Amino acid sequence: MNRDSNSYTFTFAALMVLVVASVLAFTAHSLKDLQDDNIRKEKMQNILSTVGINIDREGAENLFNKYITEQSAVQSDGSIDNSVNVFKDVNLALELKKPAEDQDFPLYVAQIENEKYYIIPIRGNGLWNAIFGYISIKEDLNTIKGVVFDHVGETAGLGAEITQDWFKERFIDEKLFDSEYNLMGIKVSKTNNDPSNLDKSDHEVDFISGATITCDGVTDMIKERINHYVPYFKSIKESSNSLALSIQEISKNEIKLN
Amino acid sequence: MSKNKVLLTDPLDDNNPITVQVLGICSALAITVQLKAAIVMSLSVVAVMAASNVIVSILRNLIPNRIRIIVQLVVVASMVVLVDEVLRAYAYDVSKELSIFIGLIITNCIVMGRLEAFALGNGVWRSFLDGVGNAFGYGAILILVAFFRELFGSGNLLGIQVIPDALYEMGYVNNGLMLLSPMALITVGLIIWVQRSRNRKLIEKG
């Protein structure tokens with residue numbers, strides 16, 4: 001056979017492509033379940049890490065089922081849809097493409113001992129690609145318990161630093177709302193006057209040098225995402241206020257009766 | 001036998017791909033911050049090189065001469081994708097850490113170099129040994145560099161702290177420069193220096 005003929009070369013190339021493609025497709029398909037499982041557990045791990053539970057991937061599922069007591073889809077009018085399995089079925093990347101009134105806003109509620117935390121998935125744009133993460137809020141619906149960030153393709157050493165512990169720690173105990181309960185968000189700020197981060201109510205944390213677009217993306221995604229939960233948060237606050245009021249009324253009446 | 005043994009031992013010292021042929025430097029700089037990543041990278045390169053050397057050697061009498069580089073590239077690329085898929089299924093954390101560097105094995109000059117220079121002209125068994133030998137030679141340097149960088153850069157080995165707290169209390173500080181690429185280059189340079197002063201054959205004449 002003439003190994004230098006055109007027809008031989010073309011036949012060889014075509015066969016090679018066919019064989020390689022089927023081998024790769026077969027491998028990708030047979031390993032897909034295992035890979036998806038890893039991704040699912042990593043998501044649980046990320047959600048748990050915002051409330052201060054750091055666990056390896058294998059143990060994540062158990063603790064997730066133990067601590068995450070509620071999962072629901074908040075609607076833009078502040079109502080709750082409990083019929084959606086948000087962990088499995090809500091893909092934030094797809095939700096973001098819909099108009100706000102049609103989106104499901106996933107909410108996880110964690111109950112750890114006597115503390116209750118609200119965990120909100122966030123997603124936005126960095127410099128090169130999507131950035132995303134989770135933010136957990138304490139029961140006052142204002143103070144941040146913890147955050148976790150990840151990214152698809154930010155610059156290593158600059159924008160990619162948002163995944164580091166030292167950056168995430170800056171957000172802990174920061175307040176999202178002002179005293180009138182208007183959403184201020186957290187500004188990742190170049191002009192932060194409080195670099196050692198002692199003032200936890202200035203709605204600002206320090207910036208990462210050289211990562212302007214990524215940091216602005218973090219600022220924007222926190223504010224944009226949390227904003228959709230405000231009607232729901234207000235409704236919780238009102239109902240707990242009215243509950244507190246009625247308890248007060250009852251105890252007043254009891255005093256009168258006595 | 002001894003002729004085959006040379007294929008395995010030669011790349012470890014006399015003909016080391018990194019320190020003597022100065023190939024594959026890029027990945028030696030990039031993923032030697034931690035010992036664990038370096039070990040996994042080395043094992044991946046062993047798998048990719050052994051497998052692609054064997055495949056190209058089997059096909060050596062069938063590969064059309066005019067597209068041989070493309071064929072080699074396809075073989076290497078598909079091996080790399082296989083390794084990447086397996087890592088994502090069984091060693092997810094490591095695969096996240098190595099992310100694009102696994103893909104970049106394709107561009108590792110050592111792999112293509114051995115295919116072109118050896119596997120195309122030698123039998124299957126000898127090509128296998130040559131692939132494994134060269135990958136070990138590459139991995140040995142990678143692991144050695146990572147050992148020093150992780151030890152002096154972050155005070156750990158394999159993620160476990162080895163420098164005692166007492167030393168830190170006396171004022172010892174981890175050298176952050178070790179974590180940056182330039183120090184990898186300098187470490188490789190020092191290894192080349194030590195190797196040449198022990199192995200006189202390697203010193204060029206004149």
Side-chain angles (χ1 to χ4, degrees), chain A residues 1-46 54-60 128-129 150-158 160-161 163-166, chain B residues 26 29-31 33-34 37 47-48 51-52 55-56 58-104 106 120 154 159 176-177 179-182:
Chain A
M1 204 183 326
N2 179 10
R3 271 209 283 156
D4 288 326
S5 78
N6 284 343
S7 58
Y8 180 82
T9 307
F10 277 114
T11 318
F12 186 92
L15 275 178
M16 176 182 72
V17 169
L18 209 66
V19 170
V20 167
S22 17
V23 168
L24 291 186
F26 176 76
T27 322
H29 190 74
S30 48
L31 293 177
K32 191 165 191 311
D33 287 345
L34 278 168
Q35 293 170 354
D36 288 347
D37 199 45
N38 284 333
I39 291 167
R40 195 174 59 89
K41 284 180 181 154
E42 191 197 22
K43 190 172 165 186
M44 292 178 168
Q45 214 182 355
N46 278 337
N54 292 309
I55 175 85
D56 62 356
R57 217 174 42 252
E58 289 314 309
W128 304 113
N129 210 323
D150 209 344
H151 63 96
V152 178
E154 295 308 291
T155 318
L158 298 173
E161 298 289 289
T163 59
Q164 299 288 320
D165 284 340
W166 52 259
Chain B
C26 353
L29 305 188
I31 39 119
V33 175
Q34 282 167 340
V48 169
S52 42
I55 292 173
V56 169
I58 292 172
L59 297 175
R60 70 186 186 280
N61 293 324
L62 295 172
I63 297 175
N65 198 35
R66 276 183 294 177
I67 58 165
R68 67 177 198 285
I69 299 283
I70 299 173
V71 174
Q72 291 165 16
L73 201 62
V74 170
V75 169
V76 177
S78 43
M79 288 305 124
V80 167
V81 175
L82 281 183
V83 167
D84 191 32
E85 290 282 326
V86 170
L87 282 182
R88 267 198 285 161
Y90 295 102
Y92 186 68
D93 296 318
V94 180
S95 95
K96 270 199 87 170
E97 207 167 306
L98 294 175
S99 60
I100 68 164
F101 295 111
I102 290 289
L104 287 180
I106 300 171
L120 271 180
S154 39
L177 197 58
L179 300 176
L180 303 176
S181 310

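Proteins get letters first, then strands, A, B, ... in listed order; numbering begins at 1 in each. Values in this document were obtained by computation on a predicted structure and should not be read as measured data.
- The shortest heavy-atom contact between Val20(A) and Ser78(B) is CG1-CB, 3.7 Å.
- Neither the backbone nor the side chain of Asp56(A) comes within contact range of chain B; no heavy atom of the residue lies under 4.5 Å from a heavy atom of that chain.
- Along residues 10-17 of chain A, the residues that come nearer than 4.5 angstrom to chain B, judged on non-hydrogen atoms, are Phe12(A), Ala13(A), Met16(A) in order of number.
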Start with the C-alpha distance between Leu31(A) and Arg88(B), add both sets of side-chain angles, then the distance that settles side chain to side chain contact (heavy atoms under 4.5 Å, CB included), and finish with yes or no.
CA-CA 9 Å; Leu31(A) 293 177; Arg88(B) 267 198 285 161; over 6 Å; no
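- Looking only at side-chain heavy atoms (C-beta outward), Tyr92(B) and Asp37(A) stay at 4.5 Å or farther from each other.
- For Arg66(B) (side chain) and Thr9(A) (main-chain N/O), no donor-acceptor pair under 3.5 Å exists by modelled atom type.
- The contact between Val86(B) and chain A is made by backbone and side chain atoms together, counting heavy-atom distances below 4.5 Å.
- In terms of heavy-atom pairs under 4.5 Å with chain A, the best-connected choice from Val74(B), Asn65(B), Val81(B), Ile70(B) is Val74(B).
- Between the side chain of Tyr8(A) and the main chain of Leu62(B), a donor-acceptor pair closer than 3.5 Å is present.
- Put simply, the side chain of Glu85(B) does not reach to within 4.5 Å of the side chain of Leu34(A), judged on heavy atoms.
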